[in-house]
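The next block holds one structure in the form of structure tokens; read it before the comments.
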Amino acid sequence: RRRGEEADDDDGEGGNDGSNDNDINNNPEDFNDEAEEEDPATLIRGTDVHVQTAAAAFRNFIRNFVSVEESERRIAKEEAGRRRRNKRRRRAAAAAGAGGGGGDDDDDNDGDDDMDESRGGNSWDLPSDSDDENEDEAASNKAPVYLQKLEQILLRGRSDASADSLTSSAADAGTGRVGVASLDLDALHLHYHSAECQRLYGWLVDYPSEIVPLMDILLGRELEALRDTMRLNQEEVMADAEANGDEDAMEEAAGVIELLPETLPRVQIRPFHLRNLSHMRSLDPSSIDSLLSLRGMVVRTSPVIPDLKVAFFQCSICGHADQVTIDRGRIAEPVQCPSCHVRHGYSLVHNRCYFSDKQMVRVQETPDEVPAGETPASIVVF
């Protein structure tokens with residue numbers, strides 16, 4: 001219903017939801033598909049996941065999320081705008097009515113709407129216009145959180161200052177960036193960003209095996225676009241510094257360009273901090289293939305096990321090398337060498353592969369969750 005109401009505001013142009021306030025993505029074409037009816041052909045088989053809608057919501061989140069408070073303020077502002085549009089529509093309908101008999105009732109409703117707007121929607125207090133301008137200016141000066149993390153992956157090979165799970169001498173030297181990098185995603189950030197992201201959050205919890213790979217693909221595209229943008233910006237800085245004779249700025253820009261990798265790492269999303277906390281004792285077959293958040297005590301760990309992430313193959317005839325990233329535990333071994341065209345001539349070079357650390361951990365439920373006289377439940381996770 002809301003989509004149809006907003007379509008009426010677009011000067012009578014069809015069903016394209018171009019005026020949706022939630023569409024704050026820098027690329028408006030990404031949301032054209034959302035305005036259309038979801039085509040069953042674009043649903044992932046066995047689920048209700050609409051690929052275009054999920055991709056647009058996740059791109060919007062990555063490019064625009066600043067903080068939960070900022071998202072709540074923006075949603076409240078959009079809700080007030082929606083109410084104002086509804087009020088103007090009712091006034092127009094009352095003015096067009098014969099004799100204006102229902103005008104008093106509409107005015108009464110408008111007064112209620114004015115009071116609602118002064119209070120704000122969803123128990124949020126709406127700021128004044130001057131406060132809106134100040135907060136919008138302050139928010140525009142803040143860089144999106146996850147774009148900053150992607151920038152750290154480009155420049156340092158990991159999303160934060162601490163060492164990632166992919167720790168090796170190659171990664172510390174910078175060459176590990178051609179392997180795998182991880183991006184920690186706070187699921188509550190995704191849930192409170194927008195209505196579309198709340199729907200994506202539900203899909204993430206119900207169908208993680210479909211949504212997580214989709215997020216990985218989108219992160220790879222965002223990383224590539226960010227690298228090209230950063231390179232272009234630094235080249236412009238170098239040109240301006242050269243024109244002004246600023247050698248320090250030129251060296252700094254040249255250093256940033258040198259850090260940008262030609263071969264991008266594969267970024268894997270790691271969601272955490274779900275809204276609902278599950279209990280080990282209540283797990284049942286319905287929990288299979290879903291994303292859960294558990295609380296417990298680590299009672300046993302195994303030795304560190306090397307987990308292959310990027311396989312290094314080399315042709316035994318001409319020496320041509322090829323790197324293959326592990327996808328869901330499978331290695332797509334190259335069949336034919338593009339240099340000498342020999343089939344099945346590749347061999348795996350173990351000491352040039354990239355590994356991450358993996359441990360088997362036994363987690364036991366906390367004492368306050370154990371019923372009287374019962375044995376604590378435990379599960380094994382990796």
Side-chain angles (χ1 to χ4, degrees), residues 22-65 71 144-147 149-151 153-154 159 164-166 179-228 264-276 287-293 309-310 324-332 356:
N22 290 332
D23 300 347
I24 59 175
N25 196 322
N26 294 330
N27 186 4
E29 295 180 357
D30 293 339
F31 285 89
N32 289 339
D33 292 335
E34 291 183 3
E36 300 174 358
E37 293 296 332
E38 295 183 358
D39 186 4
T42 59
L43 298 177
I44 298 179
R45 185 174 183 179
T47 70
D48 61 344
V49 177
H50 188 252
V51 178
Q52 285 78 6
T53 302
F58 187 67
R59 281 194 297 265
N60 180 20
F61 170 76
I62 291 295
R63 297 175 183 177
N64 297 283
F65 178 81
S71 298
V145 174
Y146 292 95
L147 283 184
K149 292 186 177 183
L150 290 179
E151 183 176 343
I153 291 176
L154 280 175
S159 59
D164 197 77
S165 59
L166 180 62
V180 179
S182 299
L183 179 66
D184 295 333
L185 172 66
D186 192 329
L188 288 184
H189 292 173
L190 181 65
H191 181 271
Y192 288 110
H193 181 62
S194 65
E196 293 81 5
C197 289
Q198 288 183 6
R199 188 180 184 188
L200 177 60
Y201 173 87
W203 286 336
L204 175 64
V205 173
D206 294 337
Y207 311 107
S209 58
E210 286 79 16
I211 296 299
V212 171
L214 176 62
M215 289 181 173
D216 294 343
I217 295 174
L218 295 174
L219 282 179
R221 296 176 181 176
E222 291 296 321
L223 195 67
E224 182 178 2
L226 181 61
R227 180 196 60 181
D228 298 339
L264 295 174
R266 179 181 176 184
V267 183
Q268 292 183 341
I269 200 77
R270 297 195 301 190
F272 69 100
H273 200 190
L274 300 182
R275 293 186 64 202
N276 298 323
S287 304
I288 297 176
D289 292 334
S290 62
L291 191 61
L292 302 175
S293 181
K309 292 297 183 181
V310 180
V324 179
T325 303
I326 308 302
D327 184 15
R328 303 186 186 184
R330 297 181 180 180
I331 304 176
S356 65

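Just so it is clear, the structure is predicted and the values come from calculations on it, not from any experiment.
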Please test V310 against V324 for side-chain contact (heavy atoms from CB on, under 4.5 Å), starting from the C-alpha separation and ending with a verdict. CA-CA 6 Å; V310 180; V324 179; over 6 Å; no

Begin from the C-alpha positions of E196 and T53 and carry the test side-chain contact (heavy atoms from CB on, under 4.5 Å) through to its verdict. CA-CA 8 Å; E196 293 81 5; T53 302; 5.5 Å; no

With sequence neighbours excluded, residues passing side chain to side chain donor-acceptor pair (under 3.5 Å) with Y146: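 With sequence neighbours excluded, Y146 shows a side chain to side chain donor-acceptor pair (under 3.5 Å) to H189, given in chain and number order.
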
Go through H193 and N60 one step at a time and tell me if the side-chain contact (heavy atoms from CB on, under 4.5 Å) criterion holds. CA-CA 9 Å; H193 181 62; N60 180 20; 4.0 Å; yes

Min side-chain heavy-atom separation [X]-[Y] under 4.5 Å:
X    : Y    : result
P271 : D184 : no
L43  : V49  : no
L274 : Y201 : yes
L185 : F61  : yes
R270 : L183 : no
L218 : R59  : yes
K149 : L154 : no
P144 : N64  : no

With W203, the side-chain contact (heavy atoms from CB on, under 4.5 Å) member among D48, I44, L214: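 Considering D48, I44, L214, a side-chain contact (heavy atoms from CB on, under 4.5 Å) with W203 is found only for D48.
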
S287: partners by side chain to side chain contact (heavy atoms under 4.5 Å, CB included), with sequence neighbours left out: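 Expected list: L283, D284, S290, L292.
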
What are the two closest heavy atoms between C197 and A57, and how far apart are they?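 For C197 versus A57, the nearest heavy atoms are SG-O, 3.6 Å.
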
Please round to the nearest 0.5 Å and tell me the distance separating atom [atom1] of [X] and atom [atom2] of [Y].
X    : Y    : atom1 : atom2 : value
L223 : L264 : CG    : CG    : 5.0 Å
S194 : L200 : OG    : CG    : 8.5 Å
T325 : I331 : OG1   : CD1   : 10.5 Å

Say whether, by atom type as modelled, one donor and one acceptor occur between the side chain of Y207 and the main chain of G46 under 3.5 angstrom.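 Looks like no, no N/O pair under 3.5 Å.
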
Are any side-chain N or O atoms of R266 and backbone N or O atoms of I326, one a donor and one an acceptor, separated by less than 3.5 Å?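 Yes, because the side chain of R266 sits within donor-acceptor range (under 3.5 Å) of the backbone of I326.
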
Inter- and intrachain pairs under salt bridge (Lys or Arg N to Asp or Glu O under 4.0 Å), touching residues 214-226, at least two apart: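 Qualifying pairs: R63-E222.
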
R199, H273, R275 screened by side-chain hydrogen bond (donor to acceptor under 3.5 Å, both in side chains) with H191, the one that passes: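 One option only clears the test, and that one is R275.
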
Please determine whether side-chain contact (heavy atoms from CB on, under 4.5 Å) holds for the pair L190 and F65, giving the CA-CA distance in whole Å, both sets of side-chain angles, and the decisive distance to 0.1 Å. CA-CA 8 Å; L190 181 65; F65 178 81; over 6 Å; no

